[in-house]
Amino acid sequence: MTMINECDLNIPKSGLPRLVIVGGGFGGVSLAKELRDQEIQVVLIDKHNYHTFQPLLYQVSTGGLEPDSIAYPLRKILQDSPNNYFRLAEVLEIKPNENSVETNIGEIGYDFLVLATGSKTNFFGNTNIEKNAMAMKTVPQSLNLRSLILENFEDALLTDDLNKREALMNFVIVGGGPTGVELAGALAEIKKGILPKDYPDLDTRIAQINLIQGSDRLLATMSEQASEKAEKFLKKLGVNVYKNMRVTDYDGYNVSTNVDDSFEAATLIWAAGVQGATIKGLNAKDLIVRGNRMKVDEFNKVIGFDNIFAIGDIAMMESENEPYGHPMVAQPAMQQGKHLGKNLLRLIHKKTLLPFKYIDKGSMATVGRNKAVVDMKKFKFQGVFAWFVWMFVHLFFLIGFRNRVVVFVNWVYNYVRFDREARLIIRPFKKKNKL
Ligand SMILES: Cc1cc2nc3c(=O)[nH]c(=O)nc-3n(C[C@H](O)[C@H](O)[C@H](O)COP(=O)(O)OP(=O)(O)OC[C@H]3O[C@@H](n4cnc5c(N)ncnc54)[C@H](O)[C@@H]3O)c2cc1C
């Protein structure tokens, strides 16, 4: 008979070693899947009850997809595995001396702990930007952005003040990585294909999409070929691309940069950086490194601890090829989750652990209809074929059959009809310092 320990979030003690995973993102989910029906009790904790497919958040923000189609219930992922439990909770503190974590719904003990908390937006300490800019890391944030974009057009229609109207229709995206590039392309397509039809009584030509990049090229982590082509695609769509420019301040209206202060925009979207989402409690020396990530060894073990591991964005595993750790993208998280699952079973069976080796499957970004760039180890290509590859890969990795079908149908519909029908203000967004 199992005993309920009320301190352990009502999870029965099973006689099996207990693994607590914090975070049901790409890393946490692949780890939990790997340990399905194994001799280990798995407790997955997340502050959301769903997994978010972050690569498609920008399509939610721009009305191309409904939010439900890129989220998937975490309980469903754990179904049919009797040793798996899910708790909807935020982990507040790790207590390594007591082998337990404190959450907002109580405390739970562990034999093994895996931190898979991902990353959060990095505003580099600029509190004004943090207060006034829009971030796009979660489904609720994407819905806020979608509402704000649409509310701005509604407000622009009502004002007689030309400066205000221009600012309402001026979009500044900070950060020319894949997120910034994809968002800029999507907004440019809305300007071209949807605004003139939706707002025939508004001069939509004054809408401006500005993409600001701190370095001298877009998609800086990809090949130069991909950067050049992405910039060309964006310019063709009418996006204003600024390179070697950094946004230094934003009060909700005036955008200051290191070059000049000429932007006035009601919407600034911050896609310029992320940092590890650390949790307090682990105080080993030199543990938190560049990008607020946690240093781990080649087995994903957090430096200084025997039974605590970290995977994905939060983990910094230095290697000869990757002196600053693996890129903060989905593949390392998924591969580390799977590998750690195997290693934990080896640990339980007292076998030696195997070091993690990252297989780089390439990177890609889409700019819009028929326009994408793909870098693979041996091939680099851009254009229509790259766009099909981008779509196929994203559909393949999306979790849930229903989600895949819904996204596919939406994409076909949007392609054929030149449309984005999820442009709905379901939950109005109250922007601070609204114009
Ligand atoms: C807009 C955007 C676009 C992107 N596009 C791409 C792309 O095209 N290709 C690509 O490969 N990568 C892309 N990425 C990056 C990719 O999404 C991340 O690298 C990946 O999600 C990392 O996986 P993870 O498991 O480490 O963390 P995540 O997937 O972020 O999961 C972390 C989980 O931890 C939970 N959590 C965090 N803190 C706590 C806490 N204290 N208590 C409880 N739960 C907690 C969160 O709710 C979340 O569910 C994109 C990211 C963003 C934001």
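The first residue in the sequence is number 1, and the count goes up from there. Since the model is a prediction, treat every value here as computed from it, not as a measurement. Atoms within a ligand are numbered from 1 in the order they appear, just like the ligands themselves.
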**Message:** Quiz question: by atom type and distance under 3.5 Å, do the side chains of Asp249 and Asn128 form a donor-acceptor pair?
**Reply:** yes
**Asked** Is the closest heavy-atom distance from Ile279 to ligand 1 below 4.0 Å?
**Response** yes
**Message:** Distance alone, cut at 3.5 Å: any donor-acceptor contact between the side chains of Asp111 and Asn99?
**Reply:** no
**Message:** Run Asn292 and Thr278 through side chain to side chain donor-acceptor pair (under 3.5 Å) and show every step you take.
**Reply:** CA-CA 7 Å; Asn292 207 36; Thr278 45; 3.2 Å; yes
**Request:** Check each atom of ligand 1 against the heavy atoms of Gly312 and keep those under 4.0 Å away; list them by number with element.
**Result:** 26 (O)
**Request:** Using protein heavy atoms only, decide if any is under 4.0 Å from atom 31 (O) of ligand 1.
**Result:** yes
**Asked** Can Arg427 and Asn144 be counted as having a side-chain donor-acceptor contact under 3.5 angstrom?
**Response** yes
**Item:** Atom indices of ligand 1 within 4.0 angstrom of Gly27 heavy atoms, with elements
**Value:** 25 (O)
**Asked** Can you tell me which residue and heavy atom of the protein come closest to atom 34 (O) of ligand 1, and the distance to 0.1 Å?
**Response** Gly23 CA, 3.2 Å
**Asked** Taking only residues two or more places apart in sequence or in another chain, which ones pass salt bridge (charged side-chain N to carboxylate O under 4.0 Å, His left out) with Lys131?
**Response** none
**Prompt:** Where is the nearest protein heavy atom to atom 1 (C) of ligand 1: which residue, which atom, and how far?
**Reply:** Met136 O, 3.4 Å
**Message:** Is it the case that ligand 1 has an N or O less than 3.5 angstrom from some N or O of Ala277?
**Reply:** no
**Prompt:** Should one rank His51, Gln54, Lys361, His48 by closest heavy-atom distance to atom 52 (C) of ligand 1, which comes out on top?
**Reply:** Gln54
**Prompt:** Looking at side-chain heavy atoms only, is the closest gap between Glu322 and Met317 below 4.5 Å?
**Reply:** no
**Prompt:** Does a salt bridge link Glu102 with Lys95, judged by any charged N lying under 4.0 Å from a carboxylate O?
**Reply:** yes
**Request:** Using a strict 4.0 Å cut-off to heavy atoms of Ala330, name the atoms of ligand 1 that fall inside it.
**Result:** 10 (C), 11 (O), 12 (N), 16 (C), 19 (O)
**Request:** Starting from the C-alpha separation in whole Å, work towards a yes-or-no answer on side chain to side chain donor-acceptor pair (under 3.5 Å) for Asn240 and Gln208.
**Result:** CA-CA 8 Å; Asn240 308 318; Gln208 294 295 318; 2.8 Å; yes
**Request:** List the closest protein heavy-atom neighbour of atom 42 (N) of ligand 1: residue, atom name, distance to the nearest 0.1 Å.
**Result:** Val91 N, 2.9 Å
**Request:** For atom 37 (C) of ligand 1, find the nearest protein heavy atom and state the residue, atom name and distance (0.1 Å precision).
**Result:** Thr117 O, 3.3 Å
**Message:** Looking at Thr62 and Tyr58, would you say the former's side chain and the latter's main chain have a donor-acceptor pair under 3.5 Å?
**Reply:** yes
**Nearest non-hydrogen protein atom, atom 44 (N) of ligand 1** = Lys47 N, 3.2 Å
**Message:** Can you confirm if the aromatic rings of Tyr415 and Trp387 lie within a centre distance of less than 6.0 Å?
**Reply:** yes
**Asked** Among Ala365, Ser363, Ala333, which residue places a heavy atom closest to atom 24 (P) of ligand 1?
**Response** Ala333
**Asked** Should one rank Leu115, Val329, Leu92, Asp46 by closest heavy-atom distance to atom 49 (O) of ligand 1, which comes out on top?
**Response** Asp46
**Request:** Work out whether the distance between some heavy atom of Ala89 and some atom of ligand 1 is less than 4.0 Å.
**Result:** yes
**Message:** Taking Glu228 first and then Lys232, would you say they form a salt bridge - that is, a charged N and a carboxylate O separated by under 4.0 Å?
**Reply:** no
**Complete:** min-distance protein heavy atom vs atom 15 (C) of ligand 1 -> Met328 O, 3.7 Å
**Complete:** For atom 20 (C) of ligand 1, the closest protein heavy atom turns out to be Phe26 CD1, 3.5 Å
**Item:** Distance filter under 4.0 Å to Glu90 heavy atoms, resulting ligand 1 atoms
**Value:** 41 (N), 42 (N), 43 (C)
**Message:** Quick test of your reading of the structure: of Val60, Thr179, Leu57, Thr138, whose heavy atom lies closest to atom 3 (C) of ligand 1?
**Reply:** Thr179
**Message:** Looking only at protein heavy atoms, which one is nearest to atom 4 (C) of ligand 1, and what is the separation?
**Reply:** Pro55 CA, 3.7 Å
**Request:** Taking the side chain as every heavy atom from C-beta outward, state whether Ile426 and Leu143 have any pair of such atoms under 4.5 Å apart.
**Result:** no
**Fill in**
If you compare Gly118, Ala135, Ala271, Pro327 by their heavy atoms, the one closest to atom 27 (O) of ligand 1 turns out to be Gly118
**Request:** For Pro178 and ligand 1, answer yes if some heavy atom of the residue is under 4.0 Å from a ligand atom, otherwise no.
**Result:** no
**Asked** Can you check side chain to side chain donor-acceptor pair (under 3.5 Å) on Lys137 and Ser119, steps first, answer last?
**Response** CA-CA 9 Å; Lys137 264 302 265 171; Ser119 54; 3.0 Å; yes
